[in-house]
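Following: one structure in structure tokens, then a few remarks.
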Amino acid sequence: MEIKEYDAEYAYDSNLDVINIEVNQDIPHKETIELEFGVFMDFNQNDLPINLEIISASKLINADKKSLCNPNGNVTVIVGSDVIEVNVLFKFEDGDELVNFKVLNDLPFSVSETNLALI
């Protein structure tokens, strides 16, 4: 399986407590799925993930809002034949935080693996 790798723009709105991680290319959106309550993944026409939105981010990630402003890290999206798994690794000054989301692949999206590097 070929692994797609993209740089992704990271944005955090502390007033709304929303994180948006978007592929740093102009790629048309096809479909949005909800991975978990308040966590949304957008896919393009080739069924590759292009955007991740996390609502109430500080609560889901268990991090204070100030630390969410400029973390390093990456997002790994593994689309299996039956499950879509998203791992988000945030690297903060005081340590790392790994967040995992899973949803059934009942659409079905093509089997793939995509890595998004936060920039």
Side-chain angles (χ1 to χ4, degrees):
M1 166 176 35
E2 180 183 352
I3 299 173
K4 298 284 187 181
E5 296 188 9
Y6 299 100
D7 287 338
E9 292 184 14
Y10 175 90
Y12 175 63
D13 184 323
S14 60
N15 292 325
L16 297 175
D17 196 20
V18 174
I19 290 174
N20 193 57
I21 301 170
E22 183 175 19
V23 169
N24 193 12
Q25 295 178 19
D26 187 20
I27 301 174
H29 166 268
K30 173 186 165 188
E31 189 159 3
T32 301
I33 63 167
E34 188 169 16
L35 300 170
E36 195 172 287
F37 183 77
V39 181
F40 302 91
M41 175 69 67
D42 294 339
F43 289 84
N44 71 6
Q45 294 165 344
N46 296 321
D47 296 333
L48 294 173
I50 56 171
N51 188 66
L52 177 67
E53 182 178 58
I54 304 173
I55 298 170
S56 298
S58 62
K59 294 175 185 153
L60 280 173
I61 296 167
N62 194 27
D64 63 52
K65 291 182 177 185
K66 185 177 179 182
S67 65
L68 289 175
C69 289
N70 285 312
N72 291 313
N74 61 38
V75 179
T76 303
V77 183
I78 301 168
V79 179
S81 58
D82 56 352
V83 174
I84 298 171
E85 182 173 359
V86 178
N87 293 297
V88 186
L89 177 63
F90 292 97
K91 293 179 177 272
F92 302 114
E93 288 181 8
D94 60 347
D96 298 349
E97 185 72 32
L98 178 65
V99 185
N100 177 270
F101 307 105
K102 287 184 183 180
V103 66
L104 292 177
N105 185 11
D106 57 2
L107 293 175
F109 287 109
S110 306
V111 173
S112 64
E113 182 173 340
T114 304
N115 293 319
L116 309 176
L118 305 184
I119 59 168

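Identified under the ring pair (Phe, Tyr, Trp, His ring centres under 6.0 Å) test for residues 67-86, with sequence neighbours left out: none. Applying the side chain to side chain donor-acceptor pair (under 3.5 Å) test to pairs two or more places apart or on separate chains, those with a residue in residues 70-83 are Thr76-Asn115. Pairs passing the ring pair (Phe, Tyr, Trp, His ring centres under 6.0 Å) check and including a residue from residues 54-88, sequence neighbours excluded, do not occur. The ring pair (Phe, Tyr, Trp, His ring centres under 6.0 Å) pairs that include a residue from residues 46-79 number zero, where partners must be two or more places apart or lie in different chains. The ring pair (Phe, Tyr, Trp, His ring centres under 6.0 Å) analysis of residues 52-78, with sequence neighbours excluded, yields no pairs. Note on residues 34-45: pairs passing side chain to side chain donor-acceptor pair (under 3.5 Å), not counting sequence neighbours, are Thr32-Asp42, Asp42-Asn51. The side chain to side chain donor-acceptor pair (under 3.5 Å) contacts involving residues 8-19 comprise Tyr12-Asp17, Asp17-Ser58, where partners must be two or more places apart or lie in separate chains.
When all heavy atoms are compared, the tightest approach of Pro49 to Thr114 is CD-OG1, 3.4 Å. The shortest heavy-atom contact between Pro28 and Ile50 is O-CD1, 3.9 Å. In terms of heavy atoms, Phe92 sits closest to Ala63 at CZ-CB, 4.0 Å. In plain terms, the two heavy atoms of Ile61 and Leu68 that are nearest each other are CD1-CD2, 4.1 Å.
Evaluation of the salt bridge (Lys or Arg N to Asp or Glu O under 4.0 Å) rule for Lys4 yields Glu2 as partners, not counting sequence neighbours. In terms of the salt bridge (Lys or Arg N to Asp or Glu O under 4.0 Å) criterion, Lys59 has no residue partners (sequence neighbours excluded). Annotation: side-chain contact (heavy atoms from CB on, under 4.5 Å) contacts of Val18 (sequence neighbours excluded): Leu16, Glu53, Ile55.
Side-chain heavy atoms closer than 4.5 Å link hydrophobic residues (I, L, V, M, F, W, Y) into clusters, and following such links, even through other members, never connects Leu118 to Phe40. Grouping the Ile, Leu, Val, Met, Phe, Trp and Tyr side chains by contacts below 4.5 angstrom, directly or via other members, places Leu52 apart from Ile78.
Two residues are said to be in side-chain contact when any heavy atoms from C-beta on lie closer than 4.5 Å; Met41 and Val86 meet this criterion.
Remark: Lys65 NZ is packed, more than 12 non-hydrogen atoms of other residues, nucleotides or ligands lying under 6.0 Å away.
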Quick one, Asp47 with Ser112, criterion side chain to side chain contact (heavy atoms under 4.5 Å, CB included). Give me CA distance, side-chain angles, the key distance, then yes/no. CA-CA 9 Å; Asp47 296 333; Ser112 64; over 6 Å; no
Please list, one pair per line, the donor and acceptor atoms closer than 3.5 Å that link side chains of residues 99-111 to other protein atoms, with sequence neighbours excluded.
residue : atom : partner : partner atom : Å
Asn100  : ND2  : Glu85   : OE2          : 2.8
Asn100  : ND2  : Asn87   : OD1          : 2.5
Asn105  : OD1  : Phe109  : N            : 2.8
Asn105  : ND2  : Gly80   : O            : 2.7
Asn105  : ND2  : Phe109  : O            : 3.1

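Hydrophobic cluster of Leu98: the remaining members, joined at side-chain heavy-atom separations below 4.5 Å, are Leu89, listed by chain and number.
Put simply, CG on Asp96 and CZ on Phe90 are 11.5 Å apart, with the number rounded to the nearest 0.5 Å.
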